[in-house]
Amino acid sequence: MHEELARLSELIQPARSIAVLVSEIATVDQVAAALALTQSLKLVGKDVSLYAPKLPQLPIALAGLTEVKTEFGKQNLIISFDYQESS
């Protein structure tokens, strides 16, 4: 488990912006975990967006719920690969 968290930290550290995606059949616990992750990443200075196409009925109000977006799109997507042009 420690190795997995260390690897996750290595992947997140250089990222400027992060998208957290939640399934449309997500449970309340999964939504709460995604919200907590989103808030934690924001605390360390990351630009984070949470996307959930459909939220389950939530029995309680959760912090950050109003910031959840339902569409993932209509934005610029930049993908880069480490490669040499000559190869």
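Atom set for the values below is all heavy atoms of this structure, side chains included, hydrogens, waters and symmetry mates excluded.
- Across all non-hydrogen atoms, the minimal contact from Lys46 to Ile18 is CG-CD1, 4.1 Å.
- Taking the side chain to side chain contact (heavy atoms under 4.5 Å, CB included) definition, one finds that Ser23 meets it with Ile25, sequence neighbours left out.
- Both Leu8 and Val22 are assigned to one and the same hydrophobic cluster, defined by single-linkage of ILVMFWY side chains at heavy-atom distances under 4.5 Å.
- Considering only heavy atoms from C-beta on, Leu50 stays 4.5 Å or farther from Glu67 through its side chain.
- For Glu10, the salt bridge (Lys or Arg N to Asp or Glu O under 4.0 Å) partners two or more places apart in sequence, or in a different chain, are Arg7.
- Shortest non-hydrogen contact noted between Val48 and Lys42 is O-CE, 3.4 Å.
- Between the CG atom in Leu41 and the OG atom in Ser49 there is a gap of 11.0 Å [rounded to 0.5 Å].
- The backbone N or O of Leu5 sits nowhere less than 3.5 Å from a side-chain atom of Ser9 that would complete a donor-acceptor pair.
- Proximity of a side-chain donor or acceptor of Lys69 to a complementary backbone N or O of Pro53 within less than 3.5 Å is not detected.
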